[in-house]
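Scroll down for the structure; my scribbles are underneath it.
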Amino acid sequence: MAFASTFRRVLGGLSSTSSVLHSQFTALRRNSTLVTPKLFVSGLSRLTSDEKLTEAFSPFGQLVEAKVIVDRVSGRSKGFGFVTYATIEEAEQAQKGMNAKFLDGWVIFVDPAKPREPRPPPPPPQSQSESSESGFRINKTIGWCG
């Protein structure tokens, strides 16, 4: 019996700690103020198109753009997209109204869009010392590959 009560107490303590952390996280997420009218939408179905995204977000204000990001090679949705409104106030209303809602059978999450990180510069072209006279690269693998 002592083991069971101790076990319940430990589990009870964990659940209260986890609920406190969850409520703090939720408060942080809800109180984030937008600095741009662009929103990041994640959790999209592979079937969600630009048109469906526009249709879902248009009740909250004047949309400038609604774009589902697709893979360049396959043309399939990557499961996220961006929605841009005319004003920050409209974007805030859309974030409140659409966050954790269903779209095409999937729960979507709406967060402020972050600025794109700069890409590193491309690597410099290989020098002539790395290739042979025939134009083939020299393989520097050492060891036996059998």
Side-chain angles (χ1 to χ4, degrees), residues 7-146:
F7 189 69
R8 269 191 234 112
R9 211 173 350 163
V10 169
L11 285 180
L14 286 177
S15 67
S16 68
T17 304
S18 107
S19 66
V20 168
L21 289 175
H22 183 267
S23 66
Q24 288 175 347
F25 174 73
T26 305
L28 283 174
R29 190 170 186 168
R30 285 189 184 144
N31 291 334
S32 65
T33 56
L34 296 175
V35 294
T36 177
K38 191 170 190 177
L39 299 171
F40 173 73
V41 184
S42 60
L44 294 175
S45 164
R46 302 281 183 209
L47 303 175
T48 303
S49 64
D50 293 349
E51 293 77 25
K52 287 183 181 179
L53 198 61
T54 301
E55 183 182 322
F57 280 85
S58 61
F60 299 98
Q62 181 185 356
L63 276 176
V64 175
E65 180 184 31
K67 183 75 177 155
V68 175
I69 305 303
V70 295
D71 184 77
R72 291 181 196 167
V73 177
S74 68
R76 289 182 55 195
S77 167
K78 288 190 170 188
F80 67 92
F82 294 94
V83 177
T84 307
Y85 283 92
T87 65
I88 292 176
E89 291 77 23
E90 293 171 340
E92 285 176 343
Q93 289 299 320
Q95 182 182 13
K96 290 175 188 170
M98 290 298 291
N99 190 34
K101 300 291 190 234
F102 280 93
L103 180 62
D104 288 337
W106 289 57
V107 177
I108 62 169
F109 298 98
V110 183
D111 292 305
K114 296 177 185 172
R116 192 173 198 174
E117 294 180 6
R119 291 184 175 180
Q126 292 186 352
S127 64
Q128 291 295 334
S129 63
E130 298 259 337
S131 59
S132 65
E133 296 85 30
S134 63
F136 293 105
R137 285 188 354 180
I138 298 171
N139 189 353
K140 294 185 177 180
T141 304
I142 298 173
W144 180 73
C145 300

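FYI, the numbering just counts along the sequence from 1. As the structure is a computational prediction, the values presented were derived from the model and not from experiment.
With rounding to the nearest 0.5 angstrom, the CD atom of Gln95 is 11.5 Å from the CZ atom of Phe60.
Sorted by first and then second residue, the side-chain hydrogen bond (donor to acceptor under 3.5 Å, both in side chains) pairs involving residues 100-110 (not counting sequence neighbours) are Thr48-Asp104. The side-chain hydrogen bond (donor to acceptor under 3.5 Å, both in side chains) contacts involving residues 63-73 comprise Asp71-Ser74, where partners must be two or more places apart or lie in separate chains. Within the structure, salt bridge (charged side-chain N to carboxylate O under 4.0 Å, His left out) pairs that include any residue of residues 55-64 do not occur (at least two apart or interchain). Counting only residues at least two apart or in different chains, ring pair (Phe, Tyr, Trp, His ring centres under 6.0 Å) contacts with residues 35-59 comprise Phe40-Phe80, Phe40-Phe82. Evaluation of the salt bridge (charged side-chain N to carboxylate O under 4.0 Å, His left out) test over residues 38-47, restricted to residues two or more places apart or in two chains, returns none.
Legend: residues meeting side-chain hydrogen bond (donor to acceptor under 3.5 Å, both in side chains) with Ser49, ordered by chain and number and at least two apart, are Glu51. Taking Asp50 as the reference, nothing meets the side-chain hydrogen bond (donor to acceptor under 3.5 Å, both in side chains) condition, with sequence neighbours excluded. A search for ring pair (Phe, Tyr, Trp, His ring centres under 6.0 Å) contacts involving Phe102 returns nothing, not counting sequence neighbours. Partners of Thr87 according to the side-chain contact (heavy atoms from CB on, under 4.5 Å) rule, which considers only residues two or more places apart in sequence or in another chain, are Glu89, Glu90. Residues satisfying the side-chain hydrogen bond (donor to acceptor under 3.5 Å, both in side chains) test with Gln62, not counting sequence neighbours, are none. For Lys78, there are no salt bridge (charged side-chain N to carboxylate O under 4.0 Å, His left out) partners two or more places apart in sequence or in a different chain. By the side-chain contact (heavy atoms from CB on, under 4.5 Å) test, Val64 pairs with Thr84, Ala86, sequence neighbours left out.
Counting only heavy atoms from C-beta outward, the side chains of Thr36 and Ile88 never approach each other to under 4.5 Å.
The two atoms that bring Ala56 and Leu103 nearest to each other are CB-CD1, 3.7 Å, heavy atoms only. For the pair Ser77 and Ser45, the tightest heavy-atom approach, listed with the atom from each and the gap, is OG-O, 3.9 Å. Among all heavy-atom pairs drawn from Leu39 and Ala94, the shortest one is CD1-CB, 4.0 Å.
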CA sep, side-chain torsions, deciding dist, call: Val41, Val68, side-chain contact (heavy atoms from CB on, under 4.5 Å): CA-CA 9 Å; Val41 184; Val68 175; over 6 Å; no
Pair Leu63-Thr54, side-chain contact (heavy atoms from CB on, under 4.5 Å): steps then yes or no: CA-CA 8 Å; Leu63 276 176; Thr54 301; 3.8 Å; yes
Residue pair Met98, Ile108: steps toward the side-chain contact (heavy atoms from CB on, under 4.5 Å) verdict: CA-CA 8 Å; Met98 290 298 291; Ile108 62 169; 3.8 Å; yes
